[in-house]
Chemist: 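Below is the structure I would like to discuss, written out as structure tokens.
Keep in mind that what you see is a predicted model, and the values were worked out from it rather than measured. Numbers here are sequence positions counted from 1.
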Amino acid sequence: MNNTSGIVLKSIGELIKSELKFVVPSYQRGYRWTKRQVEELLDDIWEFSQKNKKDNTFYCLQPIVIKKIEENKYELIDGQQRLTTIYLLLSYFKNNKIGDWNKAKEFSIQYMTRDGSENFLKTIKKDISKDEYEKNIDFYCMYKNYEKIENWFNEKEDINISKVNLKKSILEKVKFIWYEIKTENPDFDQENSIENFIRLNVGKIPLTNAELIKALFLLKIDNHDKQIQLATKWDEIEQTLQNDAFWYFIYDKENEKFAKRNYETKIDYIFDLRKISKNTNKIYDDYYTFNEFVKDINNQKRVEDIWDDINKDFMILQEWYNDKKFFHYIGFLVANKDNVAEIINKFQQNKTKTLFLNELKKSIYKKIFKCKDRENKIDDVIRELSYEENKDKIKKILLLFNILTLLTNDTADSKFPFYKYKIEKWDIEHVHPQTEISLIRNRGEWAKVHLEYYAGINLDDKKRLNDSEIDQYIDKNVIDDNVKEVCKYLLDLIRLYDDNKKTDEILKKVQEKFYEIHKNKIRDEHINSISNLVLLDSSTNRAYKNSFFPVKRTYIIEKIKKGEFVPICTQNVFLKAYSKKFDDIMFWTEDDAQSYLEAIINACKDFFGNKE
């Protein structure tokens, strides 16, 4: 590439040979990379070094953006986290005398916010004193990541024999894209820079759209203060988006527009909202969004104006996140595949908050009820829902019911955790079991769960009783004859778990006895009604999914006691908060189911009105 363009590739070896000095200005935060980020970088470089041994291949790191201070000395505007990590890796090689090492030459990094940072990096080693590296957070992070590098090499015995080759590969084939800001040069060819960006893109250098866009923006802004402002705001946006609670409020990977996008750099999504959302074509290359912004700049759009628009989009998202109604209405829509960009457009078209909330409410209604539903009352539609035929609609209503329950309390700050709902893959679960006991596959585990509930015996406990002691314990401690008989059947199931023919017959006897004990169960025709369904996480033990109400209730209460998330309405069901009668606290009855159903219907009617 033409060196006068401001964009070149520099290998790690070149940085060392030139004895470059980097100064991290005070407006930037200190070194904060995590051990996980260090490990991912090491894994990536190692994998590359094994697969790409040709002379003309190289591994490209994210851009570093610099401004020359004096000969061989640069202000490091962007890229200090990864550059510092590379320095730590080189320090490991030097300290362990891996390969030939010219101690007279190395590059250096100085943090203006921390006195002594340059010297600390130069002298860092494994046995440094705790007092020294705990002087400040920067030193602590540097030391801990150096320690991670040491451990990474120790954990990979197959790599130990190739340290010299890996070091050689890093020095020669690991390169930074070097963007030098030359605002003092009036003849600096900005258009040539853009051409180089496109050339990098065509060359498939593995950068994210956001990394390319950031460097492009910094190159096109000729005011140093504005460059600093952009870099600072950029980090603020990325940090906010890294918060799972915020991220999963606005993002759902099931949305077909973004399903195949990998958002390691979350700010990429904000740029995609501007470009991918407005494109009806469903096929996108990896750098579609970046190329669209290049087109904008080629069409004489000012970078400052483009960046202002991105900031406005982000500020809208922040406003929604901090407003309880916006958060829950929009969170519901995004969780059901609505496009955030389209919601932003609606927001900008409505003059008042009330009008916008009404638009959101209409969108929620359309997500749940189809046109033909509008002829009937909401309660009639909900009563007729069936698990086999309307699973998707039921899941949406149960999600909405949980959200509306949280919204009814104006004084509480509780928000529905959409990030848990999406990460843990919450789904519909029957309160009273749907599955015939004879169809249960994991019979041994299922029997253990029920034996612990009915007899108080945990067969997985380290202090395990032998068979005769278990039989004696049941005879002595289980008073109800039906329960005692069930416990003995359960023991037979556990002891014969691999003999399906014998366990089929035992399961039939267990089922008969269970129905005698749980005689107040709901009617068969209501088993698959929404009145017998709740939201529950997919990680719940399969043995509990087919359990009767008291066993499942005990499990749910244990989750609540441990502080694990259980949706508020699911908690209410198993605590019988909707029930009008409390004489059968350990059973899920027809009265309980009907009271729960009325609570769902009333919440939806209050929200939507009786008809749309």
Chemist: Should we count NZ of K126 as having more than 12 external heavy atoms under 6.0 Å?
Modeler: yes
Chemist: Do I137 and R32 have side chains that approach each other closer than 4.5 Å (heavy atoms only, starting at C-beta)?
Modeler: yes
Chemist: Using ring-ring contact (aromatic ring centres under 6.0 Å, His included), reason through Y421 and Y419 one step at a time and then give a plain yes or no.
Modeler: CA-CA 5 Å; Y421 177 76; Y419 67 101; over 10 Å; no
Chemist: Between K175 and L61, is a side chain to side chain contact (heavy atoms under 4.5 Å, CB included) present by the stated rule, with each step listed?
Modeler: CA-CA 6 Å; K175 300 184 179 184; L61 296 167; over 6 Å; no
Chemist: Under 3.5 Å, is there a donor-acceptor pair between the side chain of T265 and the main chain of D268?
Modeler: no
Chemist: As a quick check of understanding, evaluate side-chain hydrogen bond (donor to acceptor under 3.5 Å, both in side chains) for Q229 and T232, giving each step before the final call.
Modeler: CA-CA 5 Å; Q229 290 171 9; T232 303; over 6 Å; no
Chemist: Give, for atom CG of L89 and atom CG of L42, the distance between the pair rounded to the nearest 0.5 Å.
Modeler: 6.0 Å
Chemist: I would like to know whether Y59 and S49 meet side-chain hydrogen bond (donor to acceptor under 3.5 Å, both in side chains); could you show each step before the answer?
Modeler: CA-CA 8 Å; Y59 179 88; S49 70; over 6 Å; no
Chemist: I need the minimum non-hydrogen distance between E132 and F139, along with the two atoms involved.
Modeler: O-CD2, 3.8 Å
Chemist: Between N145 and Y31, is any side-chain donor less than 3.5 angstrom from a side-chain acceptor?
Modeler: yes
Chemist: Salt bridge or not for R302 and D308, using N-O below 4.0 Å?
Modeler: no
Chemist: Measuring from atom CG of L273 to atom CD1 of I250, what distance do you get when rounded to the nearest 0.5 angstrom?
Modeler: 7.0 Å
Chemist: Side chain of K420, backbone of D537: donor and acceptor closer than 3.5 Å?
Modeler: no
Chemist: State, with a plain yes or no, whether a side-chain heavy atom of F249 is found less than 4.5 Å away from one of I330.
Modeler: yes
Chemist: Give a yes or no on whether a salt bridge exists between K346 and E342, defined as a side-chain N under 4.0 angstrom from a carboxylate O.
Modeler: no
Chemist: Do the side chain of Q110 and the main chain of F22 share a donor and acceptor less than 3.5 angstrom apart?
Modeler: no
Chemist: Which atom pair, heavy atoms only, marks the closest approach of Y133 to I128?
Modeler: CD2-CG2, 3.7 Å
Chemist: Are the side chains of V340 and L333 in contact, using a 4.5 Å heavy-atom criterion?
Modeler: no
Chemist: If only atom types and distance count, is the side chain of Y269 paired as donor or acceptor with the main-chain N or O of L241 below 3.5 Å?
Modeler: no
Chemist: Looking at K17 and E14, is there a salt bridge between them, counting it only when a charged N and a carboxylate O are closer than 4.0 Å?
Modeler: no
Chemist: Near Q239 CD, under 6.0 Å, is it more than 12 heavy atoms from other residues, nucleotides or ligands?
Modeler: no
Chemist: Taking the side chain as C-beta and beyond, is there a heavy-atom pair between I403 and Y329 under 4.5 Å?
Modeler: no
Chemist: Measure up the W234 and F271 rings against each other and bin them: parallel (under 30°), tilted (30 to 60°), perpendicular (over 60°).
Modeler: tilted
Chemist: Under 30°, 30 to 60°, or over 60°: which ring-plane class applies to Y263 and W247, parallel, tilted or perpendicular?
Modeler: perpendicular
Chemist: Report the distance from atom NZ of K233 to atom CD1 of I310, rounding to the nearest 0.5 Å.
Modeler: 12.5 Å
Chemist: Verify the neighbour count for atom NZ of K168: are there more than 12 heavy atoms of other residues, nucleotides or ligands below 6.0 Å?
Modeler: no
Chemist: Is there side-chain contact between W46 and W152, with heavy atoms separated by less than 4.5 Å?
Modeler: yes
Chemist: Evaluate the side chain to side chain contact (heavy atoms under 4.5 Å, CB included) criterion for residues K122 and Y87: first the C-alpha distance (whole Å), next the side-chain angles of each, then the deciding distance (0.1 Å), finally the verdict.
Modeler: CA-CA 9 Å; K122 282 183 177 180; Y87 189 98; 3.4 Å; yes
Chemist: Check for me whether K10 meets the cation-pi criterion with F176, that is, NZ or CZ under 6.0 Å from the six-membered ring centre and within 45 degrees of the ring axis.
Modeler: no
Chemist: For the atom pair CZ (F48) and CG (L166), what is the distance rounded to the nearest 0.5 Å?
Modeler: 11.5 Å
Chemist: Give the minimum heavy-atom separation between K21 and S108, together with the two atoms involved.
Modeler: CG-OG, 3.4 Å
Chemist: Could you check whether R36 pairs with E39 (Lys NZ or Arg NE/NH1/NH2 to Asp/Glu carboxylate O, under 4.0 Å)?
Modeler: no
Chemist: Run the numbers on Q80 and Y111 for side-chain hydrogen bond (donor to acceptor under 3.5 Å, both in side chains), then give the verdict.
Modeler: CA-CA 10 Å; Q80 53 115 338; Y111 285 81; 2.9 Å; yes
Chemist: Evaluate the side chain to side chain contact (heavy atoms under 4.5 Å, CB included) criterion for residues L360 and I343: first the C-alpha distance (whole Å), next the side-chain angles of each, then the deciding distance (0.1 Å), finally the verdict.
Modeler: CA-CA 8 Å; L360 293 176; I343 300 175; 4.0 Å; yes
Chemist: Which of these, Y248, F416, F418, sits in a ring-ring contact (aromatic ring centres under 6.0 Å, His included) with F327?
Modeler: F418
Chemist: Calculate, to the nearest 0.5 Å, the distance between atoms NZ and CG belonging to K167 and L90 respectively.
Modeler: 8.5 Å
Chemist: Could you report the tightest heavy-atom contact between T85 and Q81, atom names first, then the distance?
Modeler: OG1-O, 2.9 Å
Chemist: Do the charged groups of K68 and E71 touch, with an N to O distance under 4.0 Å?
Modeler: yes
Chemist: When you check the side-chain N and O atoms of Y146 and N95, is any donor under 3.5 Å from an acceptor?
Modeler: yes
Chemist: Which pair of non-hydrogen atoms, one from K396 and one from K367, has the smallest distance, and what is that distance?
Modeler: NZ-O, 3.0 Å
Chemist: Taking K67's backbone N and O only, do any of them form a donor-acceptor pair with E75's side chain (distance below 3.5 Å, no angle check)?
Modeler: no
Chemist: Using modelled atom types and a 3.5 Å cut-off, is there a donor and acceptor pairing between side-chain atoms of N223 and backbone atoms of D225?
Modeler: yes
Chemist: Are any side-chain N or O atoms of N72 and backbone N or O atoms of S18, one a donor and one an acceptor, separated by less than 3.5 Å?
Modeler: yes
Chemist: Can you measure from CD1 (I170) to CD1 (I12) and round to the nearest 0.5 angstrom?
Modeler: 8.5 Å
Chemist: Taking K301 first and then D309, would you say they form a salt bridge - that is, a charged N and a carboxylate O separated by under 4.0 Å?
Modeler: no
Chemist: K324 side chain to L406 main-chain N or O, any donor-acceptor pair under 3.5 Å?
Modeler: yes
Chemist: Would K275 count as a cation-pi partner of F293, with NZ or CZ less than 6.0 Å from the six-membered ring centre and within 45° of the ring normal?
Modeler: yes
Chemist: Are the side chain of N336 and the backbone N or O of F332 linked by a donor-acceptor pair below 3.5 Å?
Modeler: yes
Chemist: Taking the side chain as every heavy atom from C-beta outward, state whether R82 and W33 have any pair of such atoms under 4.5 Å apart.
Modeler: yes
Chemist: For Y321, I'd like to know if atom OH has over 12 heavy atoms of other residues, nucleotides or ligands within 6.0 Å.
Modeler: yes
Chemist: Test your reading of the model: is there a side-chain donor-acceptor pair from N154 to the backbone of E150, 3.5 Å cut-off?
Modeler: yes
Chemist: Does a side-chain heavy-atom distance below 4.5 Å link L9 with I177?
Modeler: yes
Chemist: Is the ring pair F153/Y92 parallel, tilted or perpendicular, if the boundaries are 30 and 60 degrees?
Modeler: parallel
Chemist: Which label fits F347 and F326: parallel for a plane angle under 30°, tilted from 30 to 60°, or perpendicular past 60°?
Modeler: perpendicular
Chemist: Do K337 and D252 sit within salt-bridge range, that is, some charged N less than 4.0 Å from a carboxylate O?
Modeler: no
Chemist: Nearest heavy-atom pair of L15 and F107: which atoms, and what distance?
Modeler: O-CB, 3.5 Å
Chemist: State, yes or no, whether a side-chain contact exists between R274 and E292 at a heavy-atom distance under 4.5 Å.
Modeler: no
